[in-house]
Structures are given as C-alpha cells and as structure tokens.
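Take a look at the structure set out below.
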Amino acid sequence: MTEPVLVDQSFFLRDDVVAIARELIGKIILVDDQKTFKAGIIAETEAYAGETDRASHAYGGRRTNRTETLYLSGGHVYVYLCYGIHHLLNIVTNQAGIPHAVLIRGIVPVGKEHLPSYFATRFAKWEGLANGPGKLSSKLGITLKHNGMMLNENMIQIYNSILKTSQEVVSSTRVGVDYAGEDAKLPYRFYLKHYKPTKW
DNA sequence: CAGTGGATCGTCT
DNA sequence: GACGATCCACTGG
C-alpha cells in the first residue's frame, strides 16, 4: 500500500496561516519519545496571526524569552505552559521573523496500519479522548522540552494523511480569547465536521 | 445539563 | 505578585 509522506517545510513557510490551519486538519502527527511512537489525526486547529492578532502572544511585535520561538521559521514547534498545568502545542508558520503559528487543539486516534511500516514495532496506542490542547499534549507526551524543535527532524513529525475518508472541515471563532476584542470574532478555528470539541 | 472554582508554575511586570 | 490560547470535579437544578 502507499505510505504517508512527510509534510515539506515549504508547507509551513507560506504567508497564509489561516489556510495552513485549515489544511492541517486530517494530517497525521507522530511523536517519537525514543521508546515509542504515538500518533493521531489532527482534528482541530486554530490560527494565530502574529503581530496584528490581539489573541497572539506576539501581538504588536512582542518579543520576550517565551515568544522568541514564534519568530523562528515555519515548521518549528512552539510549546508553552498554560495555567501551570497544560502544555500547548503550536506549529510556527511563515518566514523567520514573522510570528505566525497554528495551535493544535484536538486529535483522534490513528491505527498503525496508516503509518509507515517501520513504526509498527514501537507503535503505542493511547486511550481516551484528546479533544483539547492540554489533553492532546498529555496523550502524545508533548512538554516544554519540545519548544523550539524543528518538525520532522526527530521528535515530532507531520505526515500527509492517506486516509480515504475526506470529511468536511468547518470553521468557528477561537476558544478562550475573549480578551482579544474584535479579533476574538475571527473564524480562525477549524475542525472536522463530525468531531466533537469540548466547547462550541 | 449549566455554572463555578481550584489546581499549579513559567513568564512577565 | 498576578495571571493564563485549560481541565476536571463538584455543585445545584
């Protein structure tokens, strides 16, 4: 059978972070913790449009130790700690110096038969739901140590899905960004139509 | 069901 | 020293 192909960095270097957020839906994310491989199909994302987006950590061109990762080139991983408990996983997009990112908010399980065959022996299934950014990181084992890593080099990889079922992708406003004023109303959130996120 | 509040710590002021 | 791109337990109806 045909095997999934790694997403090229050029996918993440593009200008349109909203399009990237939408197109990430249905792709496969895989995490290698050295002992096992854990994977899921990306089911929910949000776009954060950097300097012009009040909901972004980099709004107004804000540069701190934490946000420095956002200014790396597309394809880097931005992880930060929320409420002291949850590790939130983002993929940086656009050219270096432009702090765009996509927050991965939800995944659904994917069987090892859909992954490259060499993952089979170390494949580890995860249980329960990963329908929230904190839960997703918990299931996949994402922590602050992944912050600043480049996708597809070793620890975290993203593959084009080879799944036949192309489900409809719908959009809505983002979650938990009430402080962002008018920008909170932007339709920057995407999810599989038949996937049930925690909040609507 | 909906609504509320506590957990817990890195980051920034 | 305050707070958060969240989650879960617990309340009350």
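Every chain is numbered from 1 and lettered A, B, ... according to where its sequence line falls, protein lines coming before strand lines. The figures here come from the full heavy-atom set of this structure, side chains too, leaving out hydrogens, waters and symmetry mates.
The ring-ring contact (aromatic ring centres under 6.0 Å, His included) contacts involving residues 13-55 of chain A comprise A:Phe37-A:Phe119, where partners must be two or more places apart or lie in separate chains. Applying the salt bridge (charged side-chain N to carboxylate O under 4.0 Å, His left out) rule to pairs touching residues 65-80 of chain A yields A:Arg63-A:Glu68, sequence neighbours excluded. Annotation: ring-ring contact (aromatic ring centres under 6.0 Å, His included) contacts involving residues 124-152 of chain A, sequence neighbours excluded, are absent.
Distances shown here put every side-chain N or O of A:Arg54 at or beyond 4.0 Å from the OP1 or OP2 atom of C:dA5.
The side chain to side chain donor-acceptor pair (under 3.5 Å) search around A:Asn94 returns A:His100, not counting sequence neighbours. Residues forming a side chain to side chain donor-acceptor pair (under 3.5 Å) with A:His76 (at least two apart in sequence, or on another chain): A:Ser73. When the side chain to side chain donor-acceptor pair (under 3.5 Å) test is applied to A:Tyr71, no partner is found at least two apart in sequence or on another chain. For A:Arg62, the side-chain contact (heavy atoms from CB on, under 4.5 Å) partners are A:Thr64, not counting sequence neighbours. Residues passing the side chain to side chain donor-acceptor pair (under 3.5 Å) test with A:Glu182, sequence neighbours excluded: A:Lys185.
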Exercise. Begin from the C-alpha positions of A:Ile158 and A:Ile91 and carry the test side-chain contact (heavy atoms from CB on, under 4.5 Å) through to its verdict.
Key: CA-CA 10 Å; A:Ile158 296 197; A:Ile91 310 296; 4.2 Å; yes
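Atom C1' of nucleotide C:dA5 and atom CG of A:Leu136 are separated by 13 Å, given to the nearest angstrom. If you take CZ of A:Arg189 and C1' of C:dT6, they are 13 Å apart, rounded to a whole angstrom. In this structure, A:Leu70 atom CG and B:dT11 atom C1' are separated by 14 Å, rounded to whole Å. Atoms NE2 (A:His86) and P (B:dG6) sit 15 Å apart, rounded to a whole Å. The NZ-C1' distance, from A:Lys145 to B:dG10, rounds to 18 Å in whole Å. In this structure, A:Asn65 places its CG atom 8 Å from P of B:dT11, rounding to the nearest Å.
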Practice problem: Starting at the 5' end of DNA chain B, write a dot or bracket for each base, bracketing those in Watson-Crick or G-U wobble pairs whose two distances are under 3.5 Å and using | for partners on another strand. | Solution: |||||||.||||.
Protein-nucleotides 8-10 of chain C N/O pairs under 3.5 Å:
none

What N/O pairs connect the protein and nucleotides 1-4 of chain C at under 3.5 Å? Give each pair on its own line.
unit_1, atom_1, unit_2, atom_2, d
C:dG4, N2, A:Gly84, N, 3.4
C:dG4, N3, A:Tyr83, N, 3.4

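When the nucleotides C:dA5, C:dC7, B:dT13 are ranked by their closest atom to the side chain of A:Arg62, B:dT13 comes out on top.
Interface residues of residues 87-95 of chain A facing DNA chain C, ordered by number: A:Leu88, A:Asn90; criterion, heavy-atom separation under 4.0 Å.
In this structure, CG on A:Leu30 lies 11.5 Å from CG on A:Leu151, to the nearest 0.5 angstrom.
The number of heavy-atom neighbours closer than 6.0 Å to CZ of A:Arg14, taken from other residues, nucleotides and ligands shown, is above 12. Around CG of A:Asn154, the count of heavy atoms belonging to other residues, nucleotides or ligands within 6.0 Å exceeds 12.
In the hydrophobic clustering of this structure, A:Leu13 does not group with A:Met149; members are Ile, Leu, Val, Met, Phe, Trp, Tyr whose side-chain heavy atoms approach within less than 4.5 Å, directly or through other members.
Between A:Tyr78 and A:Tyr80, the ring-plane angle classifies as parallel under the 30° and 60° cut-offs.
Along DNA chain B, the nucleotide nearest A:Asn147 and the nucleotide nearest A:Ile85 are compared for position; the residue whose nucleotide lies closer to the 5' end is A:Ile85.
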